[in-house]
Amino acid sequence: EVITGDLEILALFGKKTGKQIVGGKVVMGEIRNNSSVEIKRKEEVLGTGKIVNLQQSKADVKKVEAGEECGMLLATEVSLSVGDHLVQKA
């Protein structure tokens with residue numbers, strides 16, 4: 001497996017059962033909508049999630065590239081924290 005994208009969580013917003021709204025910055029590669037991600041804190045994998053909706057400037061987008069910030073709705077049971085990373089693999 002190759003890492004194709006890495007996003008650092010910068011902010012946490014609303015939390016619903018099994019879903020969390022997060023804001024973050026892509027630090028490597030690109031993050032794609034509807035993709036599965038690993039949730040990492042430091043070097044530990046906490047679990048997985050799926051990007052249900054990806055937005056930039058309040059508009060739905062298919063992908064966000066390195067250096068850009070975005071917001072997303074993430075389907076996961078993991079309790080997220082600012083500083084966690086969402087790692088996308090191919």
Side-chain angles (χ1 to χ4, degrees):
E1 283 187 316
V2 178
I3 294 173
T4 57
D6 183 354
L7 175 132
E8 181 179 354
I9 296 176
L10 301 177
L12 300 171
F13 302 103
K15 186 174 188 178
K16 301 172 186 163
T17 306
K19 291 187 178 155
Q20 177 114 21
I21 299 169
V22 302
K25 183 172 186 174
V26 181
V27 293
M28 188 217 96
E30 65 183 27
I31 296 292
R32 293 185 166 274
N33 195 20
N34 294 316
S35 64
S36 295
V37 292
E38 269 184 359
I39 300 158
K40 290 180 84 173
R41 186 169 298 153
K42 296 190 170 96
E43 293 305 310
E44 181 186 358
V45 176
L46 302 178
T48 60
K50 181 172 169 68
I51 299 170
V52 178
N53 182 261
L54 186 61
Q55 292 192 339
Q56 220 174 1
S57 303
K58 300 195 188 255
D60 290 352
V61 293
K62 290 183 177 169
K63 68 178 180 177
V64 179
E65 298 186 356
E68 299 179 339
E69 292 189 5
C70 61
M72 69 177 65
L73 179 61
L74 186 71
T76 184
E77 296 300 327
V78 175
S79 183
L80 301 170
S81 295
V82 169
D84 288 352
H85 282 255
L86 305 180
V87 178
Q88 181 180 280
K89 296 181 177 181

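Both backbone and side-chain heavy atoms feed into the values below; hydrogens, waters and symmetry mates do not. In this text the structure is predicted, and so the values were computed from the model without any measurement.
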- Given the rule that I, L, V, M, F, W and Y join up when any side-chain heavy atoms are under 4.5 Å apart, are Val78 and Met72 in one cluster? yes

- Query: Side-chain heavy atoms under 4.5 angstrom apart, residues restricted to Ile, Leu, Val, Met, Phe, Trp, Tyr: same cluster for Val22 and Leu46?
  - Reply: yes

- Message: For the backbone of Glu30 and the side chain of Gln88, can you confirm whether one donor and one acceptor N or O come within less than 3.5 Å of each other?
- Response: yes

- Taken to the nearest 0.5 Å, the spacing of Ile39 CD1 from Thr76 OG1 works out to 3.5 Å

- Task: Write down the atom of Asn53, the atom of Asp60, and the distance for their closest heavy-atom approach.
- Result: ND2-OD1, 3.4 Å

- If you take all heavy atoms of Asn34 and Lys50, which pair is closest and at what distance? O-NZ, 2.9 Å

- Can you name the side-chain hydrogen bond (donor to acceptor under 3.5 Å, both in side chains) partners of Glu77, sequence neighbours left out? none

- Query: Got a sec, which residues hit side-chain hydrogen bond (donor to acceptor under 3.5 Å, both in side chains) with Ser36, two or more places apart in sequence or on another chain?
  - Reply: none

- Among all residues two or more places apart in sequence or in another chain, which pass the side-chain contact (heavy atoms from CB on, under 4.5 Å) test with Val45? Glu38, Lys40

- Taking every heavy atom of Val37 against every heavy atom of Ile51, the minimum-distance pair comes out as CG1-CD1, 4.0 Å

- Could you check if a side-chain atom of Asp84 sits within less than 4.5 angstrom of a side-chain atom of Leu86, using non-hydrogen atoms only? no

- Task: Would you give the length of the straight line joining atom CG of Leu73 to atom CG of Asn33, rounded to the nearest 0.5 angstrom?
- Result: 10.0 Å

- Item | With sequence neighbours excluded, residues passing side-chain hydrogen bond (donor to acceptor under 3.5 Å, both in side chains) with Ser81 | Arg41

- Hey, quick one: are Val82 and Ile31 part of the same hydrophobic cluster, counting side-chain heavy atoms closer than 4.5 Å, chains of contacts allowed? yes

- Minimum heavy-atom distance Gln55-Lys58, with the two atoms named: OE1-CA, 3.9 Å

- Task: Could you tell me which non-hydrogen atom of Cys70 sits nearest to which non-hydrogen atom of Leu54, and how far apart they are?
- Result: SG-CD1, 3.9 Å

- Which heavy-atom pair separates Leu74 from Gly49 by the least distance, and what is that distance? CD1-C, 4.2 Å

- Drop me the distance from Leu7's CG to Glu68's CD, to the nearest 0.5 angstrom. 11.5 Å

- Listed by chain and number, what are the side-chain contact (heavy atoms from CB on, under 4.5 Å) partners of Ala75, not counting sequence neighbours? Lys19, Val52

- Query: Listed by chain and number, what are the side-chain contact (heavy atoms from CB on, under 4.5 Å) partners of Ile3, not counting sequence neighbours?
  - Reply: Met28, Val87, Lys89

